[in-house]
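Have a look at the structure below before the remarks.
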Amino acid sequence: MSTAELRVDLSRLRANVRAVRDRMAPAEVLVVIKDDAYAQGVPRIVEAAIDAGASWFGGIDIPSALRAKDVAGERARVVAWMTVTGPEAEMALRGGLELGVGDAGYLERVASAARGADVVARVHLKIDTGLHRNGVRPEDWDAFCARAAALEREGSVDVVGIWSHIAEASDEEDDISRAAFDRAVSDARHAGLTPAVRHLAASAAAWHRPEFRGDLVRIGAFCYGIRSADGPDIPGIAPVSSLVARVVDAEADEVRIGIGSVDGVPSTLAGRVRVGTPGGPRELRRVDPFESAVAAWGGARAGDEVTLFGPGDRGEPTPTDLGEAIGTVGEEPLLRVSPLVPRVYV
Ligand SMILES: *Cc1c(COP(=O)(O)O)cnc(C)c1O
């Protein structure tokens, strides 16, 4: 039987959000809550972030965003940026969401959804500044903005923002993207649009490069204490969630803990990391479907707690340490945690 739980430290989340907001001011911070707040549970995360002063949330998928809006009500604006069908867009608009729009056909669907719901759709127009992951290409941008301006006059949409997403792979590429972004904003103004909110940067660029902040920054990783893979520690930021399991069987050489690959522990971690135990860091030797084996420590007993990832208080790796051990990012170990593992808020 699994003895695992994902322990989510909401005071740590609040501290991270405060640290991020201090760093980004006067730019506002949109706390990214995609994938059910990176599998930590939207409602408690949103409530805690609001306590720490957050007034914007956003994510890719409509369900996470709708849940965030349900919790936040009028206390925060919530944006969803996945391109969806007309009926889904209508549901999003009825739920009070703002929509990211990076496609001419989608703009038309959002406008008719707004007419259907009898609301004005608040939209953030997305320019593709080189990442080629959705967004209107520069050569189509002027026509797109002209159409958005016509829909504004008609009363179905209100263009509240212009945005893009950058690779954060090299400063030089990001600078080229930023120049393209600035041109797109200026072209949008020429088309008669008056977007109040410009947003371009996510955690790393926003933290390290003030000139990328614009009016709003979209921060996922750093709010949850996840540093970039191969990136530096971020002062004032620590992982919010710990994945813990109990010892189910202790032998002289090895203990077995009640968590395995079906609970979301990547089996490729075996032999590659040391996890946190009451006796200090110990090698994770095997990951089986329902249990895993860890090198023993003196006095190990059934019921002892082992920490697979967390802030490091017990010698455990951080989510990013785990990601790096298997060639991926720090979000991955968190997103892999099975929905059947209880989330416990502390
Ligand atoms: C996930 C996401 C973010 C957050 O990125 P981090 O690097 O985790 O801060 C920002 N913008 C968009 C469009 C995203 O999808």
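In this chain, numbering begins with 1 at the start of the sequence shown. For ligands, and for the atoms within them, numbers begin at 1 and follow the listed sequence. Atom set for the values below is all heavy atoms of this structure, side chains included, hydrogens, waters and symmetry mates excluded.
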Would you please say whether a donor-acceptor pair under 3.5 Å links the side chains of Thr318 and Asp321?
yes
Report the C-alpha distance between Thr307 and Arg314 in whole Å, list the side-chain angles of each, state the deciding distance to 0.1 Å, and finish with yes or no for side-chain hydrogen bond (donor to acceptor under 3.5 Å, both in side chains).
CA-CA 7 Å; Thr307 309; Arg314 303 164 175 192; 3.2 Å; yes
For ligand 1, does His165 get within less than 4.0 Å through its side chain, its backbone, both, or neither, judged by non-hydrogen atoms?
side chain
At a 4.0 Å threshold, what atoms of ligand 1 neighbour a non-hydrogen atom of Tyr38?
1 (C), 8 (O)
Establish, from distance only, whether the side-chain atoms of Ser156 and Glu154 form a donor-acceptor pair under 3.5 Å.
yes
Phe222, portion touching ligand 1 at heavy-atom distance under 4.0 Å
neither
Per-atom filter on ligand 1: closer than 4.0 angstrom to a heavy atom of Val32 are 3 (C), 4 (C)
Polar contact flag for Ala221 and ligand 1 (N/O pairs, less than 3.5 Å)
yes
Run the numbers for me: atoms of ligand 1, each under 4.0 Å from some heavy atom of Ile219, listed by number.
9 (O)
Evaluate the ring planes of His199 and His124, with Trp represented by its six-membered ring, and classify them as parallel (under 30°), tilted (30 to 60°) or perpendicular (over 60°).
perpendicular
Need the ligand 1 atom indices (1-based, order shown) with element for anything under 4.0 Å from a heavy-atom of Trp163.
13 (C)
From Gly220, Ala204, Gly135 - option closest to atom 4 (C) of ligand 1 by heavy atom:
Gly220
